[in-house]
There are 2 protein chains.
Amino acid sequence: MSVLEDAPGDGGPRAGAHLDDPIDAKIVQEMSLDARATLSQVSQVVGLSVSAVQTRLRRLEARGVITGYRAILDPEAVGKSLSAFIEITPLDPSQPDNAPELLEHLAEIEACHSIAGDASYILFVRVATPRDLEALIRDIRLAASVRTRTTVVLQTFYENRPISLPG
Amino acid sequence: MSVLEDAPGDGGPRAGAHLDDPIDAKIVQEMSLDARATLSQVSQVVGLSVSAVQTRLRRLEARGVITGYRAILDPEAVGKSLSAFIEITPLDPSQPDNAPELLEHLAEIEACHSIAGDASYILFVRVATPRDLEALIRDIRLAASVRTRTTVVLQTFYENRPISLPG
DNA sequence: TATGAAACTTGGATCGG
DNA sequence: CCGATCCAAGTTTCATA
């Protein structure tokens with residue numbers, strides 16, 4: 001048996017909702033860097049058997065720590081070379097504000113956050129052409145009854161960098 | 001010969017940088033929705049053999065259409081519950097401006113875009129606590145000699161939505 | 001000391017590349 | 001055809017009583 005790795009059967013992950021187990025953290029980090037890594041690859045990295053890794057991975061998915069797996073695409077290659085931030089503010093503050101739901105059907109919207117600051121929300125959007133952006137802004141205004149302030153992205157140096165985990 | 005299926009080895013995707021082949025688009029979409037989908041799953045969706053899908057997938061990776069695969073994590077669960085946008089502007093416009101490289105080592109920075117508007121760049125960052133955000137802002141100022149304007153995210157309704165593909 | 005829960009390992013069947 | 005995944009025992013450890 002290996003003496004370099006810790007003994008089998010030792011302290012597993014805590015029952016809490018958070019990710020405080022170092023082995024789970026390693027698994028998450030590995031899958032975060034390469035979501036198509038095989039279980040045996042991960043098992044070698046973390047020093048556990050394939051089945052143990054599989055069980056932990058299933059649990060991480062079930063607990064909602066890992067919410068999905070995505071291929072990262074080159075926006076140019078898939079015809080979405082223009083991206084922008086759109087800040088939005090409801091025209092009528094007295095109305096119930098459910099802009100996020102009202103906008104959810106617009107597939108060009110990649111993210112929607114509510115923010116502290118002048119605007120209520122900020123969206124990150126991707127389109128093919130300036131004309132598509134114009135159309136999207138119009139759709140957003142109509143769908144959610146909001147004022148918009150758009151900041152066009154000129155160049156993306158990096159994005160989608162993996163979340164850095166402690167330890 | 002069949003005209004519904006294309007014969008192996010026949011005209012695949014064009015050699016150009018763009019993604020104009022409908023089957024490649026389907027493959028990309030599928031991997032974008034679930035990066036851990038097996039080749040046989042994808043092959044059933046697109047109606048090709050497993051090896052045909054494998055070849056196309058390798059080519060999509062080699063052409064840089066697919067740049068990687070990531071697990072999507074719950075920020076809360078991995079201890080990064082506070083996120084923010086930080087706009088930055090160089091203090092001295094006469095100096096050479098390489099802020100993106102100067103900031104690349106800060107792992108809390110998930111994305112860096114140059115933008116049209118008042119500021120030069122916008123960053124998206126994730127940290128655990130307000131104190132960590134304070135420290136990060138200080139680090140950014142020192143590392144890149146910039147003025148910063150920070151907008152804290154109060155709530156994230158959705159993010160990392162898959163890129164919607166035409167057709 | 002005895003018992004039970006939780007986690008790891010092993011080995012074999014099945015499926016995928 | 002090889003490797004990865006899945007599933008069903010058997011084993012160790014730790015925390016109870």
Side-chain angles (χ1 to χ4, degrees), chain A residues 1-73 165-167, chain B residues 5-10 12-13 21 23-74 77-79:
Chain A
M1 73 158 62
S2 168
V3 291
L4 297 175
E5 308 294 347
D6 55 0
D10 68 349
R14 298 290 158 267
H18 291 312
L19 179 68
D20 49 10
D21 182 89
I23 295 183
D24 278 355
K26 268 192 183 177
I27 293 174
V28 164
Q29 184 169 33
E30 191 61 24
M31 299 304 291
S32 182
L33 293 172
D34 176 14
R36 280 187 79 74
T38 66
L39 293 180
S40 65
Q41 282 178 279
V42 179
S43 73
Q44 289 180 331
V45 171
V46 304
L48 289 184
S49 72
V50 168
S51 301
V53 171
Q54 185 180 36
T55 302
R56 282 170 177 265
L57 192 58
R58 289 207 202 293
R59 188 171 49 201
L60 287 167
E61 293 165 356
R63 279 198 295 170
V65 175
I66 296 176
T67 60
Y69 303 93
R70 295 276 156 79
I72 306 299
L73 309 181
L165 292 180
Chain B
E5 314 284 353
D6 53 3
D10 73 344
D21 181 272
I23 294 183
D24 278 355
K26 267 192 185 177
I27 294 175
V28 163
Q29 184 170 32
E30 191 60 24
M31 299 303 291
S32 183
L33 293 172
D34 177 14
R36 280 186 78 75
T38 64
L39 292 182
S40 65
Q41 282 178 282
V42 179
S43 73
Q44 288 180 331
V45 172
V46 303
L48 289 186
S49 72
V50 168
S51 40
V53 171
Q54 185 177 41
T55 302
R56 282 170 178 266
L57 193 56
R58 291 210 198 294
R59 188 169 44 202
L60 288 166
E61 293 165 356
R63 281 199 296 167
V65 175
I66 296 176
T67 61
Y69 302 94
R70 295 274 155 81
I72 306 300
L73 310 181
D74 174 16
V78 298

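Note on naming: letters A, B, ... go to the chains in the order of the sequence lines (proteins, then strands), and numbering restarts at 1 for each one.
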Q | Separation of C:dA7 P from A:Ile23 CD1 (nearest whole Å) | A | 11 Å

Q. Under a 4.5 Å cut-off applied to non-hydrogen side-chain atoms, are A:Val42 and A:Met31 in contact?
A. yes

Q) How far apart are the C-alpha atoms of B:Arg63 and B:Asp24, what are their side-chain angles, what is the distance that settles it, and do they pass the salt bridge (charged side-chain N to carboxylate O under 4.0 Å, His left out) test? A) CA-CA 12 Å; B:Arg63 281 199 296 167; B:Asp24 278 355; 3.5 Å; yes

Q: Select base, sugar-phosphate, or nothing to describe what A:Arg58 touches, counting heavy atoms under 4.0 Å on all strands.
A: sugar-phosphate

Q.
Can a donor-acceptor pair be found, under 3.5 Å and without considering hydrogens, that links the side chain of B:Arg70 to the backbone of A:Ser32?
A. yes

Q. Roughly, in whole Å, what's the span from CG in A:Leu57 to P in C:dA7?
A. 15 Å

Q. Judged by atom type as modelled, is there a donor-acceptor pair below 3.5 Å linking the side chain of A:Thr67 to the main-chain atoms of B:Ile72?
A. yes

**Q.** Distance, rounded to the nearest Å, where A:Asp24 contributes CG and C:dA7 contributes C1'
**A.** 12 Å

(Q) Please report the distance, rounded to the nearest Å, between CD in A:Gln44 and P in D:dG3. (A) 12 Å

Q | Heavy-atom pair of closest approach, residues B:Ala71 and A:Ile66 | A | CB-CG2, 4.2 Å

Using a cut-off of under 3.5 Å, enumerate the N/O to N/O pairs linking the protein to nucleotides 10-16 of chain C.
{"residue": "C:dT10", "atom": "O4", "partner": "A:Ser51", "partner atom": "OG", "Å": "3.2"}

Q) Roughly how many Å is it from CD in A:Glu61 to C1' in D:dT5, rounded to a whole number? A) 13 Å

**Q.** Presence of A:Arg59 side-chain N/O under 4.0 Å of C:dA6 phosphate oxygens OP1/OP2
**A.** no

Q | Whole-Å gap separating C1' (D:dA4) and CD (B:Gln41) | A | 14 Å

Which pairs would a plain distance check flag for residues 33-41 of chain B, meaning a side-chain donor or acceptor within less than 3.5 Å of a matching protein atom at least two apart in sequence or in another chain?
{"residue": "B:Asp34", "atom": "OD1", "partner": "B:Arg36", "partner atom": "N", "Å": "3.0"}
{"residue": "B:Arg36", "atom": "NH1", "partner": "A:Ala35", "partner atom": "O", "Å": "2.7"}
{"residue": "B:Arg36", "atom": "NH1", "partner": "A:Ala37", "partner atom": "O", "Å": "2.8"}
{"residue": "B:Thr38", "atom": "OG1", "partner": "B:Ser40", "partner atom": "OG", "Å": "3.2"}
{"residue": "B:Thr38", "atom": "OG1", "partner": "B:Gln41", "partner atom": "N", "Å": "3.2"}
{"residue": "B:Thr38", "atom": "OG1", "partner": "B:Gln41", "partner atom": "OE1", "Å": "3.3"}
{"residue": "B:Gln41", "atom": "OE1", "partner": "B:Thr38", "partner atom": "N", "Å": "2.9"}

Q | Closest nucleotide among D:dC6, C:dC8, C:dG17 to the B:Gln54 side chain | A | C:dG17

